[in-house]
There are 2 protein chains.
Amino acid sequence: MKLSTKGEYGLRAIIDIAENSKNGEYVSISDISTRQKISDRYLEKIIAKLKKSGLVKSSRGVNGGYILGKDPKCINMFDILSVLEDNIDVTECMDIHVFEKCNNHYTCKARKLWVKINEAVENVLKNTTLLDMIKQEIKKGEEIE
Amino acid sequence: MKLSTKGEYGLRAIIDIAENSKNGEYVSISDISTRQKISDRYLEKIIAKLKKSGLVKSSRGVNGGYILGKDPKCINMFDILSVLEDNIDVTECMDIHVFEKCNNHYTCKARKLWVKINEAVENVLKNTTLLDMIKQEIKKGEEIE
DNA sequence: CTATTTCATACTGATTTAGTAGGAATTATA
DNA sequence: TATAATTCCTACTAAATCAGTATGAAATAG
């Protein structure tokens, strides 16, 4: 049930971009790499996926790097992780075509659980935006000031 | 984010045992294997884990096999899968010791999401019993009869 | 022109997965 | 008591996946 480092590092990377391009500045891989302590070569490959999907935009050359492709409140965790992870489902048979070809599909009672898990995870992912991830927590009492 | 075949096959196996030992009969690996279309040699290894944890009990020799170790309404999916899967958490850093040793742990905002996913999954697993899995669905209207 | 950056493709060592193999120990039954 | 059916135990292995490296081309600001 473990996430790959692509998902793990990729989310940290896009959070880093969101937080460090506030004035419209592009955030370079080498900056992300040193802040997040992740190999820059590996980050390149991971961020390429984010780029391809449009979640981030890039600029080449000096002072180049990456900025968000959309407003952080319009990017949710499902968008991000489904781009980064090869498959986000807990089992292959979540794909209806795989399920129908499964030689046990009409007696399988286990699948009920996989469906429930999948729904629970998707619910979290789709209801958490990138903005939710980067905004400061309001500590108890602070809202009175 | 995918489950291993140990978790997948293991749950199918214990469901199979629950359904086929109704009269106190032991269910053999070869029977489970043919019904579930899973290699018997591999099943042996998987069911050994269930045995070791006490979720199933065994009897050797002729007419031997496995029966549940507890009432199916007292076995939940968390019990089963945490025995079958090596780690059920989405990231290593769900383990607090790993988290504290992480060189980014005091700036990491990504972890909030991993915690939410973990809670959502555990919630499903702990609130679904083996009895829930094997009981027949009551179809709409049927409860009136 | 040059330094800095992304972009594209290919390669690789280590680890994990999904089993297989061989045989010992136990037990019901004929 | 012999035999067939079963679990139990340990070791092995081929293939896939993971996590990362390596090389260098293309673009761009100054």
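Note that these values count all heavy atoms, side chains included, but never hydrogens, waters or copies made by symmetry. Being a predicted model, the structure only gives us computed values, none of them experimental.
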Handout entry: Salt bridge present between Lys49(A) and Asp86(A) (N-O < 4.0 angstrom)
Key = yes

Practice task
May I ask you to test the Ser33(B)-Ile38(B) pair for a side-chain heavy-atom distance under 4.5 Å?
Solution key: no

Handout entry: Pairs touching residues 101-136 of chain A that satisfy ring pair (Phe, Tyr, Trp, His ring centres under 6.0 Å), sequence neighbours left out
Key = Phe99(A)-His105(A)

Completion exercise
Between CG of Leu50(A) and P of dT6(C) the distance, given in whole Å, is 13 Å

For nucleotides 12-16 of chain C, which of its nitrogen or oxygen atoms have a protein nitrogen or oxygen under 3.5 Å away, and what is each distance?
none

Problem - Atom-to-atom span, NZ of Lys2(B) to C1' of dA18(C) - whole angstrom - result: 11 Å

Handout entry: Lys2(B)/Asp89(A) salt bridge by N-O under 4.0 Å criterion
Key = no

Practice task
Write down the distance between CG (Leu3(B)) and P (dT17(C)), rounded to a whole number of angstrom.
Solution key: 11 Å

Practice task
Please tell me if the side chains of Asp31(B) and Asn20(B) come closer than 4.5 Å, counting only heavy atoms from C-beta onward.
Solution key: no

Could you run down the sub-3.5 Å N/O contacts of the protein with nucleotides 12-18 of chain D?
none

Exercise for the section: Ignoring backbone atoms, establish whether Lys51(B) has a side-chain N or O less than 4.0 Å from OP1 or OP2 of dT7(D). Expected result: no

Problem - Interatomic distance where CG belongs to Leu84(B) and P belongs to dT17(C) [whole Å] - result: 14 Å

Problem - Distance-only polar pair, side chains of Thr91(A) and Glu8(B), donor-acceptor under 3.5 Å - result: no

Handout entry: Side-chain heavy-atom pair Met77(A), Lys126(A) within 4.5 angstrom cut-off
Key = no

Exercise for the section: Examine the side chains of Ser58(A) and Lys51(A) and answer whether a donor and an acceptor come within less than 3.5 Å of each other. Expected result: yes

Exercise for the section: Please determine, by modelled atom types, if Tyr9(B) and Ser4(B) share a side-chain donor-acceptor pair under 3.5 angstrom. Expected result: no

Problem - Near-strand residues of residues 22-37 of chain A, defined as heavy-atom separation under 4.0 angstrom from DNA chain C - result: Ser28(A), Ile29(A)

Practice task
Tell me whether the OP1 or OP2 atom of dA19(D) has a side-chain N or O from Tyr9(A) closer than 4.0 Å.
Solution key: no

Handout entry: NZ/Lys37(A): more than 12 non-hydrogen atoms of other groups inside 6.0 Å
Key = yes

Handout entry: Shortest side-chain distance from Glu44(B), nucleotide among dT7(D), dT20(C), dG20(D)
Key = dT7(D)

Fill in the blank from the handout: Here the distance between atom P of dT6(C) and atom CD1 of Ile47(A), to the nearest Å, is 8 Å

Problem - side chain to side chain donor-acceptor pair (under 3.5 Å) evaluation trace for Ser59(B) with Tyr66(B) - result: CA-CA 6 Å; Ser59(B) 163; Tyr66(B) 300 88; over 6 Å; no

Practice task
Output all residues satisfying side-chain hydrogen bond (donor to acceptor under 3.5 Å, both in side chains) with Asp40(B), sequence neighbours left out; order by chain, then residue number.
Solution key: none

Exercise for the section: Whole angstrom is fine here: how far is it from CG in Asp40(A) over to P in dA22(D)? Expected result: 11 Å

Problem - Neighbour count >12 (heavy atoms, 6.0 Å) for atom NZ, Lys109(A) - result: yes

Exercise for the section: Check the distance between dA19(D)'s P and Ile46(A)'s CD1 and give it to me in whole angstrom. Expected result: 9 Å

I'd like a table of atom pairs between the protein and nucleotides 27-30 of chain D - only N or O on both sides, under 3.5 Å - with the distance next to each one.
| unit_1 | atom_1 | unit_2 | atom_2 | d |
| --- | --- | --- | --- | --- |
| dA27(D) | O4' | Arg60(A) | NH1 | 2.7 |

Practice task
Starting from P on dA5(D), measure out to OH on Tyr66(B) and report it in whole angstrom.
Solution key: 17 Å

Exercise for the section: Using the rule that two of Ile, Leu, Val, Met, Phe, Trp, Tyr join whenever any of their side-chain heavy atoms come within less than 4.5 Å, decide whether Leu43(A) and Leu50(A) are in one cluster. Expected result: yes

